[in-house]
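So the structure is just underneath, and the comments pick up after that.
If you're wondering where the values come from, they're calculated on a predicted model, not measured in any experiment. Throughout, a chain's letter reflects where its sequence line sits, starting with A, and its residues are numbered from 1.
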2 protein chains.
Amino acid sequence: MTKTTGPLALGNQLCFAFYSVSHAFSRAYRQFLDPLGLTYPQYVVLLVLWEQDDLTVKEIGDRLFLDSGTLTPLLKRLEAAGHIRRTRDKKDERQVRISLTASGRALREKAEEIPRQVGCVLGLSFDEVRALTEQVAKLRGRLHDSASLAART
Amino acid sequence: MTKTTGPLALGNQLCFAFYSVSHAFSRAYRQFLDPLGLTYPQYVVLLVLWEQDDLTVKEIGDRLFLDSGTLTPLLKRLEAAGHIRRTRDKKDERQVRISLTASGRALREKAEEIPRQVGCVLGLSFDEVRALTEQVAKLRGRLHDSASLAART
DNA sequence: AACAAATAGATTGCGCACAATCGAATCATG
DNA sequence: CATGATTCGATTGTGCGCAATCTATTTGTT
């Protein structure tokens, strides 16, 4: 057994809980995403585009808290797979607009069932999932606020 | 604004909440870990060793849900930094035992304050942190159980 | 003793995640 | 206008995270 007291005790550390559950979720999704040839981060990018098509790289990054160093190669792989198109914006040539292809839109159907399938092993009610999601999102917001505060120093 | 309904709506997805809060935590820890020359995964390995020294790679992996593909290079970097020693077990030459050096033990003091410093931006009481940690750990357990069940097929 | 199976760790290859840096395009200010 | 600052995205380099594979060692069975 591990100790359960003290500031360094692993069991008490919320950060590790999130770190490890995030990987566990990623592995759980993998079994459904592998047949589609998608990774979890690619799937999340598609989630964004299924909600709103034709976004710039920056807009996608803002929604997912990812920067171009992560997104550029990821988007190139999605483009190589034929799921998206990358085109420079005519109005502002600095921006690259990302739009779904027919293939990318077609994936949506198959992806629609995944969260439900993973969700049923969680043993949580819809309301519990909603409450937990909101609580976690609130924590993420506070961490971001404090980070951007620290960065301004 | 993003939509808030439908199975694919990002805001409703617990998985993304964990994915993004985990990165947010990692970034929050980074500002404290950078001065120590540690990454978050390296810090977590040290947390384990501060709790119990002289573990095998497998034992560390079991506690952290990581495999040798991740741990071997990470441990070599911790060894190169002088924080740990890696020695083959005399009784069972397949195993590599990981033990802290004086330098590795000395880091503990400086690391002791980090979770508290990050924790105070969360705006949660001690009990709320404990409850949330337990709830998240329970979810991780269920995801693991279902994964090992699926792997056995 | 002999040999198949299991186990521990290392290695390889791929895909994030992110800091740092760069070039090009745009904007702001005088 | 001019030009300095800002913004966007791409690029580079480092470090995970993990599947797949490999070797060496140990264990189990006969």
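- The pair Glu59(B)-Arg63(B) does not meet the salt-bridge criterion, since no charged nitrogen lies less than 4.0 angstrom from a carboxylate oxygen.
- Among the atoms of the strands shown, only primed sugar atoms or phosphate atoms (P, OP1, OP2) are found under 4.0 Å from some heavy atom of Thr56(B).
- At the phosphate of dG15(D), neither OP1 nor OP2 sits under 4.0 Å from any side-chain N or O atom of Thr39(B).
- Side-chain nitrogen and oxygen atoms of Arg77(B) include none within less than 4.0 Å of the OP1 or OP2 phosphate oxygen of dT14(D).
- Looking at Arg116(A) and Glu113(A), a side-chain N of the basic residue comes within less than 4.0 Å of a carboxylate O on the acidic one, giving a salt bridge.
- Of the charged side-chain nitrogens involved, none lies within less than 4.0 Å of a carboxylate oxygen, so that Lys138(A) and Glu134(A) do not count as a salt-bridged pair.
- In this structure, the NE2 atom of His144(A) is 12 Å from the C1' atom of dA17(C), given to the nearest Å.
- The side chain of Arg88(B) contributes no N or O atom lying less than 4.0 Å from OP1 or OP2 of dT25(D).
- The side chain of Tyr19(A) places an N or O atom within less than 4.0 Å of a non-bridging phosphate oxygen (OP1 or OP2) of dG17(D).
- At the phosphate of dC27(C), neither OP1 nor OP2 sits under 4.0 Å from any side-chain N or O atom of Arg94(A).
- Contact annotation for Leu71(B): no contact, since no heavy-atom pair falls under 4.0 Å across all strands.
- For the pair Leu47(A)/Gln13(B), a side-chain contact is recorded, criterion being any heavy-atom separation below 4.5 Å from C-beta on.
- Of the candidate nucleotides dC16(C), dG17(D), dC18(C), dG17(D) has the atom nearest to the side chain of His23(A).
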Requested in this report: Kindly indicate, with the supporting measurements, whether the criterion side chain to side chain donor-acceptor pair (under 3.5 Å) is fulfilled by His144(A) and Arg27(B).
Outcome: CA-CA 9 Å; His144(A) 270 108; Arg27(B) 285 188 285 266; 3.3 Å; yes
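- For Lys76(B), taking side-chain heavy atoms from C-beta onward, the closest of the listed nucleotides dG9(D), dT11(C), dT25(D) is dT11(C).
- Residues Lys91(A) and Ala24(B) each lie close to DNA chain C; by heavy-atom proximity, the contact nearer the 5' end of the strand is made by Ala24(B).
- A straight line from CG of Asp34(A) to P of dC14(C) spans 16 Å, rounded to a whole angstrom.
- Here the P atom of nucleotide dC8(D) and the CG atom of Leu66(A) are 16 Å apart, to the nearest Å.
- Here Leu74(B) lies in heavy-atom contact (under 4.0 Å) with sugar-phosphate atoms only.
- What separates NZ of Lys90(B) from P of dT25(D) is a distance of 13 Å, to the nearest Å.
- Checking dA10(D), dC16(D), dT26(C) against the side-chain heavy atoms of Gln42(B) singles out dC16(D) as nearest.
- Residue-to-nucleotide contacts include a donor-acceptor pair under 3.5 Å from the side chain of Ser68(B) to the base of dA10(C).
- Here the nucleotide nearest the side chain of Arg27(A), chosen from dG17(D), dA19(C), dA17(C), is dG17(D).
- Checked against dT25(D), dA25(C), dC18(C), the side chain of Thr70(A) finds its nearest nucleotide in dC18(C).
- Residue Arg97(A) is out of contact with every strand shown, counting any heavy-atom pair closer than 4.0 Å.
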